[in-house]
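Here, residue 1 is the first one in the sequence, and each next residue gets the next number.
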Amino acid sequence: SDGNNTRDYSGHITSGTTENAAVWNATGGYDGKGAYEFNYSYISGTGLPDTAGNDSLTVTAWVRPTGLRSSQSFIFTKGGLGVCTSYALGIQNNGLMYVRTGTSTSSTIGSIGLALNSWNHVAYNFNDSGTYGYVNGTFVGTVPNEIANCTDSTFGIANAYSDQEY
């Protein structure tokens, strides 16, 4: 992190900007090497490639939910919500993970919830045969998907309505 800017170390140049005072904690995180704390803040950016309906991709994250909201909280979104959402991953108000693809409504995956105040590893693979979810290395289920052919290159990590760590 550099002030309000985040750095993409993958080489894909998809760095972002912290919004509403997302804070980098250099000693936080699952491994103690740093994590962002989102106290009703988020990271926004642009530069993700277009997606097509048959693209395969995997989204992974370490998350530490500190509480559950009365509505859903996004972990990651690609594309503008309500405009062109290619895919989104989040936490429901019951602690279960959900995905949103294309213009469909959100779908719960599995019945294994995230542990509060603990680090959880989530991984979701989106491909032409469905969305496959894993929590802490355990397969939690699959749902059909329709990744939208979305030219909106924006992305978001967390959201302004979440008090979580990622």
Visitor: May I ask you to test the Trp119-Val63 pair for a side-chain heavy-atom distance under 4.5 Å?
Guide: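 No, every pair of side-chain atoms sits at 4.5 Å or beyond.
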Visitor: Given a cutoff of under 4.5 Å between side-chain heavy atoms of I, L, V, M, F, W and Y, with clusters grown through shared members, what are the other residues clustered with Tyr134?
Guide: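 Members besides Tyr134, by chain and number: Tyr132, Phe139.
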Visitor: When you compare the side chain of Asn25 with that of Tyr36, does any pair of heavy atoms fall below 4.5 Å?
Guide: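 Side chain of Tyr36 against side chain of Asn25, heavy atoms only: no contact under 4.5 Å found.
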Visitor: Specify the closest pair of heavy atoms between Phe126 and Val59, including all atoms of both residues, with the distance to one decimal.
Guide: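 So the minimum-distance heavy-atom pair works out to CE1-CG2, 4.0 Å.
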Visitor: Would you indicate whether the side-chain heavy atoms of Asn120 and Pro65 approach each other to under 4.5 Å?
Guide: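 Pro65 reaches Asn120 side chain to side chain.
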Visitor: Take Met97 and Tyr124 through the test side chain to side chain contact (heavy atoms under 4.5 Å, CB included) and record every step on the way to the result.
Guide: CA-CA 10 Å; Met97 298 300 299; Tyr124 282 77; 2.9 Å; yes
Visitor: Taking Trp62 as the starting point, is it possible to reach Leu96 by hopping between hydrophobic residues whose side chains are less than 4.5 Å apart?
Guide: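 Leu96 and Trp62: separate clusters.
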Visitor: Test Val122 against every option in Asn136, Leu114, Thr60, Val140 by the side chain to side chain contact (heavy atoms under 4.5 Å, CB included) rule and name the one that passes.
Guide: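 With Val122 as partner, Asn136, Leu114, Thr60, Val140 yield a single side chain to side chain contact (heavy atoms under 4.5 Å, CB included), made by Leu114.
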Visitor: Rounded at 0.5 Å granularity, tell me how far CG in Leu89 sits from CD1 in Ile75.
Guide: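 Between Leu89 CG and Ile75 CD1, I get 4.5 Å after rounding to 0.5 Å.
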Visitor: Would you kindly confirm whether Val23 and Ile157 end up in one hydrophobic cluster when ILVMFWY residues are joined by side chain heavy atoms under 4.5 Å apart?
Guide: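 No, because Val23 and Ile157 fall into different hydrophobic clusters, even though each may have its own neighbours under 4.5 Å.
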Visitor: Going through the checks in order, is the side chain to side chain contact (heavy atoms under 4.5 Å, CB included) test met by Asn125 and Thr131?
Guide: CA-CA 6 Å; Asn125 175 260; Thr131 300; over 6 Å; no
Visitor: Once side-chain contact (heavy atoms from CB on, under 4.5 Å) is applied, do any residues pair with Asn117, and if so which ones, sequence neighbours excluded?
Guide: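 Once residues adjacent in sequence are excluded, the partners of Asn117 under the side-chain contact (heavy atoms from CB on, under 4.5 Å) criterion are Arg64, Thr66.
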Visitor: Kindly give the heavy-atom pair with the smallest separation between Glu19 and Ser44, and that separation in Å.
Guide: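 The answer is OE2-OG, 2.8 Å.
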